[in-house]
Amino acid sequence: MKMKNFKKNFLLLIFFVSFLFLIVYPVFSLFINLDFLGIKKTFSDIYFWLSFKNTIIAALLAALLGLILAIGFGYCYLFYRDTIIYKLSNLMNDLPIAIPHTVAGLALLVAFGRKNFGFIGETGLAFTILAVILAMFFVSYPLAARSIASALDKIDKEIIDVARTLGDSPLKVYFRIVLPNLKEALFSAIVLAFSRSLSEFAAVVMFGGNLPGKTQVLASYVFTKVEEGELEMAITASVFCIILSFSIVTLLSLRKKDA
Amino acid sequence: MLRIENLKKFFGKNVILNKVNLKVNPSEIKVIMGLNGSGKSTFLKIIAGLIQPDEGQIFINDKDITKLDPEDRNIGYVPQHPALFPHLTVKENIYYSLKNKRGSKKLADQLVKMLDLEPYLEKKTDILSGGYKSRVSLARALVSQPEVILLDEPLSDLDLAIKEKLLEKFKEVLKFLNIPVIYVTHDPVEAQIIGDTFSVLIKGKIKEINSIEEAHQLMRKDL
């Protein structure tokens, strides 16, 4: 019995120390390296605030777009799971998660970029705030879609059946019965997509660029400051990002607890 | 009248329904009994249009409805668990089909009275007892003025005493609409109280029987 307890505690200790060292310590090290001068310089830098504004606006719009498409995906998931369109879209859903995000960014650049070799060609989208939104949407949409699909798995299918016999078409059932009962999942989907968009760097830089004041977002601002050797400003901006992301995660968990 | 001809359904290689034929007249309450997993619920879902049959036809008043979607069949369906819409009030649940221009408010008001649901109309459904949830589920299905009503063990969640009291009420309401009724159960007491005619679903076939005892014997043989 004593040996069993020792093993259990030992395993717990290993986990706890690894967690502290590999996850908490790196984050904490940013906080302890914050200095007043860095904070002052960053907060008085107009490009920091512009990148913050770009991040919030682009991430919100990307999340909203992701949610709308995820709602559409949910409809196919519920009613048309046997169709080839659903099967293909389901397969493609996981692609943005699986491929390197530089590849995702390049794919967007080739498809919607300035050069003529893309699918649509000369769209003029590349290196604009719209490109930033599309890049964020590309990497965050799958999370929104998965969140809705997993909530749909738990919904009572009998209420859908009953609504159909009361005269509802699949579309009416979806909007009148299913979605009102997915409020929590819809909220989770938009928050997940928003926080994923917030943290995106590679796809955004590849397709949207890193133009200060125009397409620069917080993640690329941090990168630029490191490149310029302004480490204290990069640390301040990083801590700002962490607080922002942590607030969102806390909001999500508080809401789940209430539910 | 509801008429079913040569209905067949397979799940993979398993035959669930094998050339099932059935007739139910207006105002007749046909009880279908059968063991768990015998395909009773699948049978009802096929009639309601929620599952497609592999072969066979379904007629309501001589109109072939086999290929119609559930929303175009005008068949009422009361599932085993009440399946009330959780985000709506009792009233919104009961009057739901009126949104689709089905049924009438007058009938809805009548059914609310008959099923003693007036005090609960503005309440959310989660505060209702099991018995009242079943009443709401029945009222909701009947308000749409269906041409046939299907009930899939609607009282199976309830205690015997509540069940017996409710069955009389259910029978009165079902007779009031004068439509063919299929009532699925495996409870002989329930079957005896509510049924006019009885059938058993065994090995994919429906057999007409004259008494509950006969159903028991057939089901015991099937075990």
Side-chain angles (χ1 to χ4, degrees), chain A residues 67-68 70-72 74-87 144 147-191 255-259, chain B residues 41-42 44-52 65 68-89 92-103 108 125-126 133 136-154 157:
Chain A
L67 182 71
I68 292 168
I71 286 173
Y75 178 68
C76 297
Y77 184 77
L78 205 55
F79 294 106
Y80 299 102
R81 225 182 281 193
D82 293 332
T83 61
I84 190 86
I85 291 177
Y86 164 75
K87 284 175 183 165
S147 172
I148 288 181
S150 84
L152 285 173
D153 284 335
K154 290 176 203 146
I155 206 162
D156 178 9
K157 299 290 181 292
E158 293 275 38
I159 63 172
I160 297 169
D161 287 348
V162 168
R164 296 286 308 273
T165 63
L166 294 172
D168 273 2
S169 64
L171 202 64
K172 277 185 186 170
V173 178
Y174 193 58
F175 282 98
R176 283 179 179 171
I177 302 295
V178 177
L179 288 184
N181 284 295
L182 287 190
K183 278 183 194 155
E184 280 308 312
L186 294 175
F187 179 75
S188 294
I190 199 160
V191 172
R255 180 136 177 151
K256 268 185 185 160
K257 215 179 271 178
D258 286 349
Chain B
S41 296
T42 304
L44 291 196
K45 286 190 174 184
I46 289 174
I47 301 171
L50 300 164
I51 297 177
Q52 276 302 308
I65 59 150
L68 295 182
D69 287 328
E71 58 268 32
D72 300 323
R73 291 193 178 202
N74 206 12
I75 290 180
Y77 173 59
V78 182
Q80 190 172 3
H81 308 292
L84 302 179
F85 307 136
H87 61 298
L88 303 179
T89 62
E92 288 165 335
N93 264 278
I94 295 172
Y95 290 58
Y96 190 83
S97 59
L98 301 183
K99 281 185 191 176
N100 293 322
K101 299 191 172 70
R102 285 259 187 98
T125 57
D126 54 358
K133 279 182 182 167
V136 175
S137 185
L138 178 68
R140 180 179 60 181
L142 293 177
V143 165
S144 67
Q145 272 182 321
E147 289 177 272
V148 171
I149 178 110
L150 313 170
L151 299 100
D152 188 2
E153 304 193 42
D157 291 345

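Convention: sequence-line order gives letters A, B, ...; per-chain numbering from 1. Atom set for the values below is all heavy atoms of this structure, side chains included, hydrogens, waters and symmetry mates excluded.
Note: A:Lys172 NZ to B:Lys99 NZ = 10.0 Å, rounded to the nearest 0.5 Å. Taking CG from A:Asp156 and CZ from B:Phe85, the interatomic distance works out to 10.0 Å, rounded to the nearest 0.5 Å. The distance from atom CG of B:Leu44 to atom CG of A:Asp161, rounded to the nearest 0.5 Å, is 11.5 Å.
For the options A:Lys183, A:Arg164, A:Lys157, heavy-atom pairs under 4.5 Å to chain B are most numerous at A:Arg164. In terms of non-hydrogen atom pairs under 4.5 Å with chain A, the most contact-rich of B:Glu71, B:His81, B:Gln80, B:Lys45 is B:Glu71. Among B:Ala83, B:Ser97, B:Gly76, the residue with the largest count of heavy-atom pairs under 4.5 Å with chain A is B:Ala83.
Within the 4.5 angstrom heavy-atom criterion, only backbone atoms of B:Ile75 (N, CA, C, O) approach chain A. Residue B:Arg73: no heavy atom, backbone or side chain, is found under 4.5 Å from chain A. Looking at B:Leu84, the atoms closer than 4.5 Å to chain A (heavy atoms on both sides) all sit in the backbone: N, CA, C or O. Looking at B:Tyr96, only its side chain comes within 4.5 Å of chain A, counting heavy atoms on both sides.
Nearest heavy atoms, B:Arg102 versus A:Leu166: NH1-C, 3.6 Å. Closest of all the heavy-atom pairs between A:Asn181 and B:Pro86 is OD1-CG, 3.2 Å. Between B:Asn100 and A:Arg176, the shortest heavy-atom distance links the atoms OD1-NH1, 2.9 Å.
Within the 4.5 Å cutoff, the side chain of B:Pro79 has heavy atoms near those of the A:Val162 side chain. For the pair B:Ser144 and A:Thr165, the minimum side-chain heavy-atom distance is 4.5 Å or more.
A 6.0 Å sphere centred on CG of A:Leu171 holds more than 12 heavy atoms belonging to other residues, nucleotides or ligands.
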